[in-house]
Student: 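The structure under discussion is supplied below as structure tokens; questions concerning it will follow.
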2 protein chains.
Amino acid sequence: MRPIAERFKALSDPNRLRILMMLKTKPLCVCEISAILRLANSTVSKHLSILRQAGFIVDEKDGRWVNNRLATAQESPEAISLLPQISTWLGDENLIQSDQTKLVTIDRVTICQVD
Amino acid sequence: MRPIAERFKALSDPNRLRILMMLKTKPLCVCEISAILRLANSTVSKHLSILRQAGFIVDEKDGRWVNNRLATAQESPEAISLLPQISTWLGDENLIQSDQTKLVTIDRVTICQVD
DNA sequence: ATTCCATTTCGTTATTTAGCGAAATGTAGA
DNA sequence: TCTACATTTCGCTAAATAACGAAATGGAAT
């Protein structure tokens with residue numbers, strides 16, 4: 001019961017839904033997501049840990065970067081089974097589409113400099 | 001975006017998941033649900049309004065009783081499309097099954113007396 | 001009209017959550 | 001080893017949430 005409620009709670013925040021939709025396009029690091037959502041890195045890191053705990057995403061360390069990607073159906077069948085539905089519901093939204101276009105041109109190294 | 005996050009938020013509370021599973025068996029009034037969940041009527045009433053707002057249930061007034069039932073696929077296709085998945089995930093749980101057996105023998109008039 | 005009683009709304013409290021910035025962590029490269 | 005820098009953890013604050021009991025609402029029946 002608890003784990004299932006947890007799963008839905010992970011999906012109950014608009015910023016976390018945006019993150020999932022972005023990860024459908026490609027794996028991303030914390031600072032790329034921060035740049036698009038305009039949230040502090042620490043906030044994004046927390047959102048990612050909630051999504052990870054609920055089985056939606058997996059992190060893969062690559063040097064000092066951490067790539068976050070969607071879990072596969074093998075890794076987390078229950079969580080992943082919800083994604084097509086979510087995509088259908090959110091695909092039309094302006095905000096989601098605007099996130100997608102930002103994703104295409106984003107450059108990790110440029111974006112993530114503290115400056 | 002917001003309405004979709006709302007929908008998942010409605011599913012993020014264990015007591016609301018129990019309510020949905022109970023309503024799969026039959027329509028129920030506030031005080032029947034209160035008796036099974038062991039929560040105050042006002043608390044259950046609030047949970048029901050959240051589920052209603054999110055499209056999962058519909059209330060039908062019958063004199064001074066209010067019967068709460070699951071929405072149909074016609075009334076709320078998006079919300080209702082999630083229910084089979086939820087059933088699959090929760091059907092095994094002891095708590096859910098124990099709720100079901102209580103439902104069979106429950107008598108609205110006996111249960112709901114203030115006494 | 002008045003009473004009864006299921007339900008909803010209101011007011012309150014305790015807990016959880018989203019957000020931030022600052023400090024801690026850990027890896028790559030100088 | 002030391003520095004740089006992406007990430008995570010910590011401490012905090014403001015807002016949201018779940019719970020309760022008491023008061024308000026509204027239909028049925030006397």
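Below, chain A is the first sequence line, B the second, and so on; all start at residue 1. Since we're looking at a predicted model, the values are computed, not measured.
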Student: Quick one, give me the B/S/- string for nucleotides 19-30 of chain D, reading 5' to 3', where B means a protein heavy atom under 4.0 Å from the base and S means that only happens at the primed atoms, P, OP1 or OP2.
Tutor: SBBB----SS--

Student: Would you work out how much the helix from C:dA1-D:dT30 to C:dA30-D:dT1 bends between its ends, with each end axis defined by five base pairs, to 10 degrees?
Tutor: 20°

Student: Applying side-chain contact (heavy atoms from CB on, under 4.5 Å) to A:Lys102 and A:Met22, what does each step give before you reach the verdict?
Tutor: CA-CA 10 Å; A:Lys102 283 174 193 153; A:Met22 291 194 282; over 6 Å; no

Student: Quick one: does A:Glu75's side chain have a donor or acceptor within less than 3.5 Å of a partner on A:Thr72's backbone?
Tutor: yes

Student: With A:Arg52, which residues qualify under salt bridge (charged side-chain N to carboxylate O under 4.0 Å, His left out), at least two apart?
Tutor: A:Asp59

Student: Could you give the CZ-to-C1' distance, from B:Arg16 to D:dA18, as a whole number of Å?
Tutor: 9 Å

Student: What is the distance from CD of A:Gln53 to C1' of D:dT8, rounded to the nearest Å?
Tutor: 15 Å

Student: Between B:Glu32 (side chain only) and B:Asp107 (backbone N and O only), is there a donor and an acceptor less than 3.5 Å apart?
Tutor: no

Student: SG of B:Cys112 to SG of B:Cys29, below 2.5 Å?
Tutor: no

Student: Kindly point out which of C:dT7, D:dT7, D:dA16 is positioned nearest to the side chain of B:Val66?
Tutor: C:dT7

Student: Could you state the CZ-P distance from B:Arg52 to C:dT7, rounded to the nearest angstrom?
Tutor: 11 Å

Student: Can you tell if the side chain of B:Ile33 reaches within under 4.5 Å of the side chain of B:His47, non-hydrogen atoms only?
Tutor: no

Student: Verify, without hydrogens or angle tests, whether B:Ser34 (side chain) and B:Val30 (backbone) share a donor-acceptor contact under 3.5 angstrom.
Tutor: yes

Student: Between C:dT16 atom P and A:Phe8 atom CZ, what is the distance in whole Å?
Tutor: 21 Å

Student: Given atom CZ of B:Arg18 and atom P of D:dA18, what is their separation to the nearest angstrom?
Tutor: 15 Å

Student: Return the value, rounded to whole Å, for the distance between atom CH2 of A:Trp65 and atom C1' of C:dT27.
Tutor: 13 Å

Student: So, does B:Lys46 get its side chain near the phosphate of C:dT7, meaning an N or O under 4.0 Å from OP1 or OP2?
Tutor: no

Student: Test your reading of the model: is there a side-chain donor-acceptor pair from B:Arg16 to the backbone of B:Lys9, 3.5 Å cut-off?
Tutor: yes

Student: Do other residues, nucleotides or ligands put more than 12 heavy atoms under 6.0 Å from the CD atom of B:Gln97?
Tutor: yes

Student: Could you tell me the separation between the CZ atom of A:Arg108 and the P atom of D:dC5, rounded to a whole number of Å?
Tutor: 16 Å

Student: Round to the nearest Å and state the distance from A:Lys9 atom NZ to C:dT15 atom P.
Tutor: 15 Å

Student: So what does A:Ile50 hit on the nucleic acid, given a heavy-atom distance under 4.0 Å: a base, only sugar-phosphate, or nothing?
Tutor: sugar-phosphate

